[in-house]
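Here's the structure we're looking at; comments come further down.
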Amino acid sequence: MALLVVASIGNILGSCVNWLLGHHVARFGDRSWFPVSAEQMAKAELWFRKYGFWSLLLSWVPLIGDPLTLVAGVLRVPFVFFLAIVASAKIARYIAIILIGGYGQGMLAAI
């Protein structure tokens, strides 16, 4: 149970940092330290504009999740909606990992 909570919180906070970066410092996207390349950003923005904020349900997917959360900040998705969708997706991911990996015999019963 503690693993689920800690992993989920850490992952959700990372996505919140991306949202804040997108919201406040997207103008620095051409800098080498920026966490998402211009190509990733363009793809994520197209995906986001096509599917709307529900595309954040894919925020758990490696390689596309970070750009999506950054674009959500750039496009000014309300933080409350962002947090609800991203938290749901990230928590569901770790529950699935626990169940598929066989780590959860009894762990999920505590939830």
Side-chain angles (χ1 to χ4, degrees):
M1 176 70 167
L3 178 62
L4 173 67
V5 171
V6 171
S8 297
I9 289 173
N11 213 276
I12 293 164
L13 287 175
S15 293
C16 291
V17 168
N18 283 342
W19 184 90
L20 285 168
L21 282 171
H23 194 72
H24 295 291
V25 296
R27 64 181 178 266
F28 298 114
D30 59 343
R31 306 288 169 87
S32 62
W33 53 264
F34 203 69
V36 176
S37 71
E39 182 181 334
Q40 288 175 313
M41 184 75 159
K43 285 181 184 179
E45 191 168 344
L46 280 172
W47 182 274
F48 201 90
R49 289 191 187 280
K50 183 175 181 180
Y51 297 106
F53 64 87
W54 292 111
S55 63
L56 289 171
L57 287 171
L58 298 175
S59 63
W60 64 270
V61 178
L63 300 177
I64 67 166
D66 285 340
L68 281 173
T69 57
L70 191 81
V71 168
V74 170
L75 297 178
R76 304 286 198 246
V77 170
F79 186 74
V80 172
F81 292 125
F82 171 85
L83 186 59
I85 293 171
V86 169
S88 298
K90 304 265 184 181
I91 291 168
R93 170 192 184 184
Y94 286 115
I95 289 172
I97 289 170
I98 289 168
L99 291 174
I100 291 168
Y103 304 112
Q105 286 101 12
M107 184 184 291
L108 291 178
I111 297 177

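These numbers were taken from a predicted model, which means no experiment stands behind them.
Under the salt bridge (Lys or Arg N to Asp or Glu O under 4.0 Å) criterion, R49 pairs with E45, sequence neighbours left out. Checked against salt bridge (Lys or Arg N to Asp or Glu O under 4.0 Å), K43 has the following partners two or more places apart in sequence or in another chain: E39.
A donor-acceptor pair is defined here as one N or O able to donate and one able to accept, closer than 3.5 Å; such a pair exists between the side chain of S55 and the backbone of G52. Judged by distance alone, the side chain of W33 and the main-chain N or O of F28 form no donor-acceptor pair under 3.5 Å.
The line from CG of L4 to NZ of K90 is 14.0 Å long, rounded to the nearest 0.5 Å. Note: L56 CG to S88 OG = 11.0 Å, rounded to the nearest 0.5 Å. In this structure, CG in L13 is found 11.5 Å from CG in N18, a value given to the nearest 0.5 Å.
Hydrophobic cluster membership differs between I95 and V6, with clusters built from Ile, Leu, Val, Met, Phe, Trp and Tyr side chains linked at under 4.5 angstrom. Cluster annotation: W54 is connected to L75 through the hydrophobic network of ILVMFWY side chains, with a link wherever side-chain heavy atoms come within less than 4.5 Å.
Atom CZ of F79 sits in a crowded spot, with more than 12 heavy atoms from other residues, nucleotides or ligands closer than 6.0 Å.
Between N11 and Y94, the closest side-chain pair of non-hydrogen atoms falls below 4.5 Å. Between F82 and T69, the closest side-chain pair of non-hydrogen atoms falls below 4.5 Å. For the pair K50/L46, no side-chain contact is recorded, criterion being any heavy-atom separation below 4.5 Å from C-beta on.
Among all heavy-atom pairs drawn from L63 and Q40, the shortest one is O-NE2, 3.9 Å. Taking both residues in full, the closest heavy atoms of H23 and R76 are given as O-NH1, 2.6 Å, listed atom of the first, atom of the second, then distance.
Under the side chain to side chain contact (heavy atoms under 4.5 Å, CB included) rule, S15 has a single partner from L68, V86, L83, which is V86.
Screening residues 1-17 for salt bridge (charged side-chain N to carboxylate O under 4.0 Å, His left out), with sequence neighbours left out, gives no hits.
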